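Note sheet for the following structure.
In what follows, every heavy atom counts, from backbone to side chain, and hydrogens, waters and symmetry copies are set aside. What you are looking at is a predicted structure, and each value in this text was computed from that prediction instead of being measured.
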Amino acid sequence: MPAPNGVSSPYNGSRPGSTKPGTPISSTANSSLILRKQLLDLQKSPVDGFSAGLVDDDNILEWQIVIMGPADTLYEGAILKARLIFPPEFPLLPPKMIFDSEMWHPNGNDKKGEVCVSILHQPGEDEWGYEDAGERWLPVHTVESVLISVISLLSQDVPDLNSPANVDAAKEVREDFASYKKKVKRLARRSAEEAYD
């Protein structure tokens with residue numbers, strides 16, 4: 001099928017998700033455009049509590065995140081480093097968030113640092129019945145909405161223990177909350193010290 005300018009196109013008709021006939025847009029190219037816009041928006045209008053940038057200027061699919069520990073929480077004063085790793089199918093599929101700073105939280109995998117929060121779970125129904133489909137990833141979510149959700153998670157007085165990723169941290173919250181708080185505060189101080197090393 002000839003393209004509008006008379007040049008032949010390897011694509012027959014419109015591609016799904018394309019707005020122009022014959023426009024070859026890969027999911028990675030689409031992700032790249034969306035992520036570049038979100039990064040630019042965050043740089044032009046920063047949001048209190050976090051900053052975002054690329055780990056490598058040549059890879060839009062991996063971001064470096066710095067979260068400032070929310071005031072009046074166990075994480076106050078913390079400078080938490082993390083990465084957001086986006087799939088080529090973003091925004092149809094959610095990113096993964098991995099803390100590089102050591103974390104102790106029921107919703108953080110203490111071995112890998114991966115954050116376990118509803119907004120980062122695959123779209124659709126939860127096979128275990130803990131989450132409503134509306135709480136899980138939706139393509140309308142943005143980097144900002146993900147990070148606000150994680151900051152909200154860190155701001156809870158008592159973490160949600162319904163479906164912990166870190167069973168040991170959840171057990172400590174239930175059985176010895178004072179010890180849990182002490183450990184979190186120690187790690188928060190360490191993250192701030194490491195940020196200035």
Side-chain angles (χ1 to χ4, degrees), residues 15-19 23 25-71 73 75 78-101 103 105-110 112-157 159-166:
R15 296 205 41 206
S18 173
T19 56
T23 303
I25 297 182
S26 70
S27 59
T28 302
N30 192 37
S31 297
S32 179
L33 291 171
I34 292 167
L35 289 168
R36 286 193 194 287
K37 181 181 182 331
Q38 288 188 26
L39 182 60
L40 185 61
D41 290 347
L42 286 171
Q43 290 171 339
K44 283 177 22 181
S45 303
V47 177
D48 285 342
F50 67 85
S51 66
L54 298 179
V55 171
D56 175 349
D57 289 340
D58 295 328
N59 183 4
I60 192 69
L61 297 178
E62 187 171 358
W63 292 24
Q64 176 71 47
I65 305 296
V66 176
I67 296 177
M68 306 306 292
T73 71
Y75 295 92
I79 301 174
L80 303 168
K81 295 180 181 178
R83 286 171 289 131
L84 276 172
I85 301 169
F86 299 90
E89 300 84 7
F90 182 85
L92 298 177
L93 295 177
K96 286 185 183 206
M97 184 169 182
I98 299 170
F99 272 104
D100 294 322
S101 299
M103 292 292 292
H105 193 283
N107 294 94
N109 182 319
D110 66 328
K112 297 185 222 169
E114 192 169 337
V115 177
C116 179
V117 62
S118 299
I119 196 172
L120 294 176
H121 292 164
Q122 296 287 331
E125 293 297 322
D126 177 13
E127 66 181 287
W128 309 108
Y130 289 109
E131 301 165 335
D132 181 59
E135 297 172 314
R136 296 167 73 91
W137 180 257
L138 297 170
V140 297
H141 287 306
T142 63
V143 170
E144 182 177 340
S145 64
V146 166
L147 294 174
I148 288 172
S149 179
V150 171
I151 290 170
S152 175
L153 179 82
L154 299 177
S155 298
Q156 295 173 331
D157 290 333
D160 180 10
L161 303 176
N162 283 331
S163 60
N166 182 337

Residues Ile98, Lys112; criterion side-chain contact (heavy atoms from CB on, under 4.5 Å); working and verdict: CA-CA 7 Å; Ile98 299 170; Lys112 297 185 222 169; 5.8 Å; no
For a quick test of reading the model, state the closest non-hydrogen atom pair linking [X] to [Y] and the distance between them.
X: Ala52; Y: Ile65; value: CB-CD1, 3.7 Å
X: Met103; Y: Tyr75; value: CE-CE2, 3.6 Å
X: Ile119; Y: Ser149; value: CG2-OG, 3.6 Å

As an exercise, state the distance from [atom1] of [X] to [atom2] of [Y], rounded to the nearest 0.5 Å.
X: Lys81; Y: Gln64; atom1: NZ; atom2: CD; answer: 7.0 Å
X: Leu84; Y: Leu120; atom1: CG; atom2: CG; answer: 7.5 Å
X: Ile85; Y: Met97; atom1: CD1; atom2: CE; answer: 11.0 Å
X: Leu35; Y: Thr142; atom1: CG; atom2: OG1; answer: 10.5 Å
X: Asn162; Y: Asn107; atom1: CG; atom2: CG; answer: 9.5 Å
X: Leu80; Y: Phe50; atom1: CG; atom2: CZ; answer: 13.5 Å

Where does the angle between the aromatic ring planes of His141 and Trp137 fall among parallel (under 30°), tilted (30 to 60°) and perpendicular (over 60°)? tilted
Donor-acceptor contact present, side-chain Glu62 to main-chain Val55, <3.5 Å: no
Donor-acceptor pair, distance only, cut-off 3.5 Å: does the side chain of Glu114 make one with the backbone of Gly108? no
Begin from the C-alpha positions of Trp63 and Leu54 and carry the test side-chain contact (heavy atoms from CB on, under 4.5 Å) through to its verdict. CA-CA 4 Å; Trp63 292 24; Leu54 298 179; 3.6 Å; yes
For Asp48, look at atom CG and say whether over 12 heavy atoms of other residues, nucleotides or ligands are found less than 6.0 Å away. no
